[in-house]
Q: 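One structure coming up, written as C-alpha cells, with questions to follow.
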Amino acid sequence: MTLLPVRLVAGLVGLHWHTVKTIPACPTRRACLDWTSLPPIARLDADTAGTAIKDDMKHVSLHVLRQFSTIGLLVGTLFFAFSLTPSLLPRTFYTQGIISGLSFSAGYALGYAGHWLWAYLELPEPGPRAERTIKRVAAAICVVIAAFFLWRASEWQNTIRGLMEMGEVRGLQPVIAFIALLIFLVLLQLARLFRRTFRFFSRHLRRYIPHRVSNVIGLAVAAILFWSIIDGVIFTQALRIADNSYQQLDELMQDDLLPPGDPMATGSADSLISWEALGSRGRRYVTRGPSAEELSAFFGEAAPSPIRVYVGLNAAETPQARARLALEELIRVGGFERSVLLLATPTGRGWLDPNAQDTVEYLHRGDIATVTAQYSYLPSHLSLLVESAYGVESARALFQAIYDYWTTLPDESRPRLYLHGLSLGALNSDRSFDLYDIIDDPFDGALWSGPPYRSTTWDAVTRSRDPGSPAWLPTFRNGAVVRFMNQYQDLEEPDADWGSFRVAYLQYASDPVTFFEPQSLYREPEWMREPRAPDVSPDLRWYPIVTMLQLLADLSIGRAPPGYGHAIAASHYIDAWLSLTEPDDLTDAELHRIRAHFAFRHR
C-alpha cells in the first residue's frame with residue numbers, strides 16, 4: 001500500500017517536468033487543455049502514471065483480500081445472508097445489524113478454522129495465481145449474495161409485522177451492513193489480539209520446553225487471561241453497576257404515589273410492612289389495583305377491595321424472614337377469609353403483570369387475595385443469569401409458609417389456592433414446590449404464562465405430549481391435569497374432564513422466551529416443523545448457528561405487541577382465569593362487559 005503514493009507522486013512529477021520542458025506557452029486556455037497537444041514523451045509519462053495507479057489499485061485490493069480468509073469470507077457471507085431471514089419477532093435496524101454482525105463473525109471463524117485445519121493436515125492448496133483468481137471470484141460472489149439478501153430483508157420483516165398486525169417498515173440496508181461490518185471488525189481485532197497474546201507466551205516458553213507443549217500452555221494462559229478480564233473486570237463490574245443502579249431505582253420514592261389510607265392495606269400506617277420497605281414496584285402494585293368503589297360501580301352491587309400483600313426486598317434480611325412477614329400480613333388483612341388466594345411469583349425486579357392481576361380480580365368481583373415477595377433488583381434476564389438460585393429459594397420459602405398455614409384450615413372454609421407467574425416468575429413458581437409435598441393435600445391449580453424454556457415441568461410435558469399435537473400447543477394425556485392455550489385456542493377440552501388439580505400454560509408460539517433452544521445451534525427445533533403456528537412466519541427457516549443467534553436476540557431485546565411474543569394480552573388472561581378458576585355467579589353479560597372494559601383500557 002505504501003508504494004501507491006510514491007509511484008503516483010513520481011509519475012506526476014515526471015509528467016510535470018517533461019511538460020514544462022517541451023510545451024510552449026499556450027496561446028489560449030482551450031489549447032492548454034487539449035490532451036493531443038502534449039508532446040509524445042509527456043503523453044507517455046501520463047499513460048505510465050495512469051497504468052501505475054491502476055496497477056497499485058489492484059495491488060491494494062489484493063493486499064486487503066490477503067488479510068482475510070477466502071473460505072471465511074464465503075461462509076461468513078452465507079451466515080450474514082441467513083441472518084437477514086425472519087425469526088420469531090420483528091427487528092429494528094440496529095437489532096438486525098447486531099445479529100448480522102455476530103452471524104458473519106461466527107461464519108468467518110468457522111470458515112477460517114476449516115481452512116486452518118486443511119493447511120494443518122498438509123492437504124493440497126491452489127497456487128498464487130489461482131488463489132488470486134479465487135479471491136476475486138469469492139469477493140464478487142459475496143457482494144452479490146449480500147446485496148440480494150439485504151434487498152429482501154425488509155420484505156421478510158414485513159411478513160412478521162403483518163402477522164402481528166403492525167405497520168410495514170422500509171429497509172435501512174446500508175445501516176444494517178455498516179453495523180454488521182463494525183461488529184465484525186471489532187471481534188476480528190479481539191481475535192487477533194488473542195492470537196498475539198498466545199504467540200507471545202508460546203514464543204517465550206519455547207526457550208525452556210518443547211514447541212508443541214509451549215503452544216498448549218500458551219493457549220491456556222491466553223484463554224485464562226482473557227477470561228479473567230472479561231469475567232472478573234468487565235462482567236462483574238457491569239453487574240455490580242447494574243445492581244446498584246436498579247437498587248437505587250427501587251428505593252426511589254415516586255411523587256405520584258401516596259401511602260394507602262386504609263389500615264387494612266399493605267404499606268399503610270398499620271401495616272407490618274412499611275411504605276418504604278415495599279420498594280418502587282411494590283408501592284405501585286399495592287396502590288394501582290381496582291378499588292372497592294370501582295368494582296361496586298362496575299357490577300352495580302357492593303364489592304370488596306382485592307387484597308394485595310407485597311413484601312419488598314428490603315423488608316427483611318432473608319427469604320424465610322420475608323415469607324414469615326408475608327404470612328403475618330396476609331393473616332392481618334384477612335387474606336385467608338377470601339374465596340380465592342393467589343400466590344404470585346414476580347419477575348426479576350419484582351414486577352407483576354397488571355393484565356394478569358386486574359383481570360382475575362374483576363372476574364372474582366374483588367373477593368380475592370394475592371401475596372407475593374420480591375427477590376431481586378435486576379431484570380429477569382440478568383436475575384436468571386446471576387441469581388437464579390436466589391429466586392427459587394425465595395419462591396420456595398413463600399410457598400412453604402403460605403401452604404403450611406393453608407393446610408391447617410378446614411377444607412370447607414379455606415380459600416381456593418392458586419399459583420401464578422409470568423416468565424421468570426413462572427419458572428420460580430414451578431420450582432417452588434415438590435409434588436410429593438402436596439400430594440396428600442394439593443392446592444387447586446396454577447397458571448404459568450410465558451414459561452421460560454428452562455422450565456423443567458413445561459419441558460417434560462411438551463416432550464411427552466400426545467401424538468399429533470404440535471410442540472407449540474401440546475395436548476398432554478388428553479388434558480386431564482395439564483392444559484395449554486394461546487391466542488387462538490383456549491383451555492376448554494370438550495371431550496375431557498379437567499380434574500380438581502389443574503395446571504395451565506398460557507404461551508404464544510412467537511415467544512422466544514418460551515421457545516428458545518440452545519440446541520438450535522446444531523439442530524432444528526420441533527416447533528419449526530409443520531404444521532406451523534399462525535403467528536410464526538412461513539419464511540422462517542433453520543440454519544445452524546444463525547438461528548440460535550436470531551432467537552437469542554429475540555429473547556434479549558425483541559419486542560412485540562400485546563397478544564404476540566412475550567407480551568400477554570389481557571383478553572387471553574381472562575380466558576385462562578375463567579377456565580382455571582371458574583368464578584361463581586358470573587353471568588355472560590358481566591363477562592362481556594369485563595372483556596369490553598379491558599379491551600377499551602388497552603387501546
Q: Anything under 30° is parallel, anything over 60° is perpendicular, the rest tilted; go ahead and classify Tyr362 against Phe299.
A: tilted
Q: Hey, is the main chain of Ser537 close enough, under 3.5 Å, to the side chain of Arg532 for a donor-acceptor pair?
A: yes
Q: Centre of Phe476's six-membered ring, under 6.0 Å away, within 45 degrees of the axis: is that where NZ or CZ of Arg465 sits?
A: no
Q: Do the ring centers of Tyr453 and Phe515 come within less than 6.0 Å of each other?
A: no
Q: Knowing that exactly one of Tyr310, Tyr285, Tyr418 qualifies, which makes a side-chain contact (heavy atoms from CB on, under 4.5 Å) with Thr370?
A: Tyr285
Q: Would the distance check show the side chain of Arg283 and the main-chain N or O of Trp275 forming a donor-acceptor pair, the cut-off being under 3.5 Å?
A: yes
Q: Keeping to residues at least two apart or across chains, list the side chain to side chain donor-acceptor pair (under 3.5 Å) pairs with something in residues 513-524.
A: Asp511-Thr514
Q: Quick check on ring pair (Phe, Tyr, Trp, His ring centres under 6.0 Å): which of Tyr508, Tyr488, Trp577, Tyr564 does His572 satisfy it with?
A: Tyr508
Q: Go through the steps to decide whether Ser83 and Gln550 satisfy the test side-chain hydrogen bond (donor to acceptor under 3.5 Å, both in side chains), and finish with yes or no.
A: CA-CA 7 Å; Ser83 72; Gln550 290 178 317; 5.8 Å; no
Q: Met164 versus Ser510: any side-chain heavy-atom pair under 4.5 Å?
A: yes
Q: Output, in order, the C-alpha distance, side-chain angles, deciding distance and verdict of side chain to side chain contact (heavy atoms under 4.5 Å, CB included) for Glu155 and Asn158.
A: CA-CA 5 Å; Glu155 178 184 342; Asn158 284 330; 5.7 Å; no
Q: Sub-3.5 Å donor-acceptor pair from the side chain of Thr359 to the main-chain atoms of Ala356, do we have one?
A: yes
Q: Just grab all the salt bridge (Lys or Arg N to Asp or Glu O under 4.0 Å) pairs involving residues 535-558, residues at least two apart or on different chains.
A: none
Q: Does the side chain of Leu506 reach to within under 4.5 Å of the side chain of Ile568, using non-hydrogen atoms?
A: yes
Q: Between Asn428 and Thr345, is there a side-chain donor-acceptor contact under 3.5 Å, judged purely by atom types and distance?
A: no
Q: Say you draw a straight line from CG of Leu591 to CD1 of Ile574; how long is it, rounded to the nearest 0.5 Å?
A: 7.0 Å
Q: Mark yes when over 12 heavy atoms from residues, nucleotides or ligands other than Arg529 sit less than 6.0 Å from its CZ; otherwise mark no.
A: yes
Q: Counting C-beta onward and ignoring hydrogens, is there a side-chain heavy-atom pair between Asp575 and Leu491 closer than 4.5 Å?
A: no
Q: Can you find a pair of side-chain heavy atoms, one from Ile402 and one from Tyr405, that are under 4.5 Å apart?
A: no
Q: Are the side chains of Leu163 and Pro534 in touch, meaning some heavy atoms are under 4.5 Å apart?
A: no
Q: Partners of Trp156 by ring-ring contact (aromatic ring centres under 6.0 Å, His included), sequence neighbours excluded?
A: Phe149
Q: If I take atom CG from residue Leu549 and atom CD1 from residue Ile98, how far apart are they, to the nearest 0.5 angstrom?
A: 12.0 Å
Q: Does Glu168 have more than 12 heavy atoms from other residues, nucleotides or ligands lying within 6.0 Å of its CD?
A: no
Q: Is there a donor-acceptor contact under 3.5 Å linking the side chains of His364 and Ser339?
A: no
Q: Look at Glu590 together with Arg365 and state whether they make a salt bridge at an N to O cut-off of under 4.0 Å.
A: yes
Q: Do Ser556 side-chain atoms and Ala553 backbone N/O form a donor-acceptor pair below 3.5 Å?
A: no
Q: To the nearest 0.5 angstrom, please state how far the CG atom of Leu427 sits from the CZ atom of Arg454.
A: 6.5 Å
Q: Near Asp497 CG, under 6.0 Å, is it more than 12 heavy atoms from other residues, nucleotides or ligands?
A: no
Q: Is there a salt bridge (Lys or Arg N to Asp or Glu O under 4.0 Å) between Asp444 and Arg414 once you walk through the steps?
A: CA-CA 12 Å; Asp444 293 86; Arg414 69 187 183 187; over 6 Å; no
Q: Could you tell me whether Arg593 atom CZ has more than 12 heavy atoms of other residues or ligands within 6.0 Å of it?
A: yes
Q: Looking at Pro90, is its backbone amide N or carbonyl O close enough to the side chain of Gln157 to form a donor-acceptor pair, meaning the two atoms are under 3.5 Å apart?
A: no
Q: Quick one: do Tyr543 and Thr85 satisfy side chain to side chain contact (heavy atoms under 4.5 Å, CB included)? Show the steps, please.
A: CA-CA 10 Å; Tyr543 304 103; Thr85 60; 3.6 Å; yes
Q: Taking Pro304's backbone N and O only, do any of them form a donor-acceptor pair with Asp367's side chain (distance below 3.5 Å, no angle check)?
A: no
Q: How about CG on Asp588, more than 12 heavy atoms from neighbouring residues, nucleotides or ligands closer than 6.0 Å, or not?
A: no
Q: Here's a test for you: under side-chain contact (heavy atoms from CB on, under 4.5 Å), which of His420, Arg502, Arg483 qualifies with Leu580?
A: Arg502
Q: Check the side chains of Ser429 and Ser432 for a donor-acceptor pair under 3.5 angstrom, ignoring hydrogens and angles.
A: no
Q: For Val311 and Thr372: C-alpha separation, side-chain torsions, deciding distance, then whether side chain to side chain contact (heavy atoms under 4.5 Å, CB included) applies.
A: CA-CA 7 Å; Val311 181; Thr372 188; over 6 Å; no
Q: Among residues two or more places apart or on two chains, list those pairs meeting side chain to side chain donor-acceptor pair (under 3.5 Å) that have a residue in residues 259-273.
A: Thr266-Glu329, Ser271-Glu329
Q: Assess the residue pair Arg322 and Glu317 against the criterion (salt bridge (Lys or Arg N to Asp or Glu O under 4.0 Å)); give the C-alpha distance rounded to whole Å, side-chain angles, the decisive distance to 0.1 Å, and a yes or no.
A: CA-CA 7 Å; Arg322 289 192 290 273; Glu317 289 294 328; over 6 Å; no
Q: Classify the side-chain pair Ser455/Asp430 by whether it contains a donor and acceptor separated by less than 3.5 Å.
A: no
Q: Might you point out which heavy atoms bring Ile160 and Pro86 nearest each other, and give the distance in Å?
A: CD1-CB, 3.4 Å
Q: Roughly how far, to the nearest 0.5 Å, is the CG atom of Leu342 from the CZ atom of Arg308?
A: 10.5 Å
Q: May I have the step-by-step check of side chain to side chain contact (heavy atoms under 4.5 Å, CB included) for Val392 and Arg431, ending in yes or no?
A: CA-CA 6 Å; Val392 174; Arg431 296 177 174 178; 3.7 Å; yes
Q: Are the side chains of Glu165 and Pro561 in touch, meaning some heavy atoms are under 4.5 Å apart?
A: no
Q: Using side-chain heavy atoms (C-beta onward) and a distance below 4.5 Å, is Ile594 in contact with Leu363?
A: yes
Q: With sequence neighbours left out, what residues match Phe399 under ring-ring contact (aromatic ring centres under 6.0 Å, His included)?
A: Tyr403, Phe433, Phe443
Q: My understanding is that only residues two or more places apart in sequence, or in another chain, count here; which of them pass ring-ring contact (aromatic ring centres under 6.0 Å, His included) with Trp448?
A: Tyr505
Q: Are Ile307 and Arg338 side-chain neighbours, meaning at least one heavy-atom pair lies under 4.5 Å?
A: yes
Q: Return yes if some donor-acceptor pair links the side-chain N/O of Ser305 with the main-chain N/O of Ser291 below 3.5 Å, else return no.
A: no
Q: Does Gln489 offer a backbone N or O that forms a donor-acceptor pair with the side chain of Asn486 under 3.5 Å?
A: yes
Q: Are side-chain N/O atoms of Trp458 and Gln507 paired as donor and acceptor at under 3.5 Å?
A: yes
